[in-house]
Q: 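My questions all concern the structure below.
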Amino acid sequence: MVQKSIIRGFSKFSLEEKLKVVEGFFEDASGVGETLRSFFHGDPNIQKILSELSENTLSNYPLPYNVAPNFLINNTVYMVPMVTEESSVVAAASAAASFWAARGGFKARILGTQKIGQVHFLFSDDHQKLEAASAEIIGFLQKRVAPIAANMVKRGGGITGMEIRNRSQLIENYFQLHLTFETVDAMGANFINSVLEECSRGLGDFFQQKPGFAENAFEPVMSILSNHVPECLVEIKVGCPVDELKNIAPGVSGGEFARRFVLAVEIAEKDIHRAATHNKGIMNGVDAVIIATGNDFRAIEAGAHAFAAKDGRYTSLSHAKVENGQFEFTLTMPMALGTTGGLTRLHPLADLSLKMLGNPSAKELMMIAAAAGMANNFAAVRSLTTTGIQAGHMRMHLPNILTQLGATPAERDKTMTYFRDQTISFQKVEDYLKSIREEG
Ligand code: MEV
């Protein structure tokens, strides 16, 4: 057996050499290589694309690629691709999409598309001198980064704002060069970070060339985009007369359903424990679309949770009310994504997803992902305030339990039929399987 030890130069090893080392980390490595190889793509060109996305790729990790039909958004019907492993997410999104399609669909609008980046630096000379020179510094930097921004400007975007912010009340001598960007249909991370790093070098040159500043007064700390994008926002709404919500759960009137739904959302607005879970339900839908379209779901998650806490207290991203007999449910959230560049066209399934959506602009994709978030949020709160989520959840999870318990096709059929009107738990399924196996 290969010893577990610190390895130098691992990334330079061949795939076979890497596998040998990795096998040394298993108690029993038999079958490890076969399992990993079995998930390689049959087409070497596609595998090459996938392997080149990351370092030390040993295999692929498949997740289900699903679709949710009937998303009516601003009078257009979409078939929405969703990559998720959580069994109830697509079913919930589809059910909510159909429900709202029959009531006018989702009404979406973009409230802004501004992206943000910052150069963080220390300035240890007189702060007033820096502030007095700030207009000149900004003019100097704008000229400096113009060649980098030229292509983006051609596409209708570019740098939309640049200012120096004094943050020395937080950390001694701490300043930021705060930039805003329009990146049109690109997520724009590489563009933004390239501009920021050039700005940082430019700041260094400015203070070196300009007389009157103490030597080494400027110390660059870091240059990076911000995932807090409170002005890259999408708003999505559904609504209907309260009466049209009747029978959403057996025997529950529209008014009673709406009252309980609004109360549940108010709890999420006021209690952080509930808010985190409520927002997780939104992200179930959003992330699934973000992954399916090759966007960066960590960026979207970070932005969503920062936005939920922007007023100093973490709260719900969605809101609900009843006014004049009308139920209204709204979700407003940041969504910095792209439909060109990055993985969006490189990953064959991301490309296919975008084509399925009719090659949307970034703005359109913001609305689609938010609609998926709202659909999942609506479905979750609807279940929570009526039947509870476990019944539906466990029903969707039953096939996984049966696989885990090694059920044969005949046992699966019998068990699925039996549990159609029974409460499902792992233990109950295991006991039932045991009983039918004993019966023979
Ligand atoms: C589970 O993935 C998501 C829910 O917990 C969301 C919610 O509680 O609103 C059901």
Side-chain angles (χ1 to χ4, degrees), residues 68-78 80 82 92-113 229-246 248 254-255 257-269 275 278-290 300 303-304 307-308 310-311 315-337 357 360-385:
N70 301 327
F71 267 84
L72 177 65
I73 307 168
N74 293 349
N75 301 322
T76 300
V77 178
Y78 296 93
V80 177
M82 299 179 85
S94 308
S98 295
F99 180 87
W100 285 110
R103 289 160 182 78
F106 298 90
K107 303 281 175 252
R109 67 191 177 117
I110 299 298
L111 304 180
T113 55
V229 279
E231 286 173 31
C232 186
L233 269 194
V234 52
E235 178 199 83
I236 187 131
K237 264 187 191 167
V238 289
C240 66
V242 165
D243 271 356
E244 287 186 25
L245 298 169
K246 70 172 177 275
I248 226 168
F257 171 77
R259 185 189 69 79
R260 288 177 60 76
F261 192 100
V262 170
L263 179 61
V265 176
E266 190 183 353
I267 292 170
E269 286 164 349
H278 181 93
N279 290 344
K280 191 272 184 184
I282 295 171
M283 300 316 288
N284 274 343
V286 172
D287 283 346
V289 177
I290 296 302
I300 306 289
F307 186 75
K310 71 178 186 336
D311 297 322
T315 184
S316 164
L317 290 167
S318 64
H319 305 280
K321 65 178 180 192
V322 173
E323 245 172 41
N324 306 322
Q326 187 76 13
F327 170 78
E328 191 178 279
F329 186 38
T330 314
L331 167 66
T332 309
M333 65 177 294
M335 190 88 75
L337 47 70
L357 292 170
S361 64
K363 284 182 182 169
E364 202 178 347
L365 187 58
M366 286 166 79
M367 299 195 250
I368 296 164
M374 163 160 272
N376 274 97
N377 190 209
F378 178 78
V381 176
R382 158 167 132 168
S383 297
L384 289 167
T385 54

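One is the number of the first residue; the rest follow in order along the sequence. What you see below is based on every heavy atom in this structure, not just the backbone, and it leaves out hydrogens, waters and symmetry mates.
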Q: Minimum heavy-atom separation for Ala93 and Ala375, please, with both atom names.
A: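 Distance-wise, the nearest heavy atoms are O-CB, 3.9 Å.
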
Q: Would you indicate whether the side-chain heavy atoms of Asn376 and Met82 approach each other to under 4.5 Å?
A: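 Yes, side chains in contact.
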
Q: Report yes or no: does Asn74 contribute a side-chain atom to a donor-acceptor pair with the main-chain N or O of Ala108 at less than 3.5 Å?
A: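 Yes; at least one donor-acceptor contact below 3.5 Å.
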
Q: I would like to know whether Trp100 and Leu72 meet side chain to side chain contact (heavy atoms under 4.5 Å, CB included); could you show each step before the answer?
A: CA-CA 8 Å; Trp100 285 110; Leu72 177 65; over 6 Å; no

Q: From Leu365 CG over to Leu357 CG, what is the distance, rounded to the nearest 0.5 angstrom?
A: 6.5 Å

Q: Would you name the heavy atoms of Ala370 and Val234 that are closest together and state the gap between them?
A: CB-CG1, 3.8 Å

Q: Show your working on side chain to side chain contact (heavy atoms under 4.5 Å, CB included) between Met333 and Met283 and close with a plain yes or no.
A: CA-CA 11 Å; Met333 65 177 294; Met283 300 316 288; 3.8 Å; yes

Q: How far does CD of Glu269 sit from OG1 of Thr315, to the nearest 0.5 angstrom?
A: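 Glu269 atom CD to Thr315 atom OG1 measures 5.5 Å (nearest 0.5 Å).
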
Q: Val265 versus His278: any side-chain heavy-atom pair under 4.5 Å?
A: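 Yes; the side chains approach each other to less than 4.5 Å.
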
Q: Got a second to check how far Asn377's CG is from Asn284's CG, nearest 0.5 Å?
A: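 Separation between the atoms: 9.5 Å.
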
Q: For the NZ atom of Lys363 and the CD1 atom of Ile110, what is their distance to the nearest 0.5 Å?
A: 7.0 Å

Q: Step by step, work out the side chain to side chain contact (heavy atoms under 4.5 Å, CB included) result for Ile368 and Phe106.
A: CA-CA 9 Å; Ile368 296 164; Phe106 298 90; over 6 Å; no

Q: Minimum heavy-atom separation for Cys232 to Ala336, with atom names?
A: SG-CA, 3.9 Å

Q: Checking side chain to side chain contact (heavy atoms under 4.5 Å, CB included) between Ile236 and each of Arg109, Lys107, Met366, Met374, which is the one that passes?
A: Met374

Q: Starting at CD1 of Ile248, measure out to CZ of Phe257 and round the result to the nearest 0.5 Å.
A: 3.5 Å

Q: Flag the pair Asn70 / Ser94 as yes when at least one side-chain heavy-atom distance between them is below 4.5 Å, and no otherwise.
A: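 No, every pair of side-chain atoms sits at 4.5 Å or beyond.
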
Q: In the structure I gave you, are the side-chain heavy atoms of Leu233 and Phe307 within less than 4.5 Å of one another anywhere?
A: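 Sidechains of Phe307 and Leu233: in contact.
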
Q: Look only at the side chain of Ser316 and the backbone of Ala275, and say whether a donor-acceptor pair between them is shorter than 3.5 Å.
A: no

Q: Quick one, Ile290 with Met335, criterion side chain to side chain contact (heavy atoms under 4.5 Å, CB included). Give me CA distance, side-chain angles, the key distance, then yes/no.
A: CA-CA 10 Å; Ile290 296 302; Met335 190 88 75; 4.2 Å; yes

Q: Between Leu317 and Ala304, which heavy-atom pair has the shortest distance, and what is it?
A: CD2-O, 3.7 Å

Q: Would you confirm whether Arg103, through its side chain, and Glu244, through its main-chain N or O, come within 3.5 Å as a donor-acceptor pair?
A: yes

Q: Side-chain contact, heavy-atom cut-off 4.5 Å: Leu263 with Thr385?
A: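 No, too far: nothing below the 4.5 Å cut-off.
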
Q: For the residue pair Phe378 and Phe329, does the interplanar ring angle fall in the parallel (under 30°), tilted (30 to 60°) or perpendicular (over 60°) class?
A: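 Rings of Phe378 and Phe329: tilted, as their planes differ by 30° to 60°.
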
Q: Looking only at heavy atoms, what is the nearest atom pair of Ile73 and Ala371, with distance?
A: CD1-CB, 3.6 Å

Q: Where is the tightest heavy-atom contact between Asn279 and Ala308, given as atom of each residue plus distance?
A: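 Smallest interatomic distance, heavy atoms only, reads ND2-CB, 3.8 Å.
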
Q: Which distance, rounded to the nearest 0.5 Å, do you find between the CG of Leu331 and the CD1 of Ile282?
A: 5.0 Å

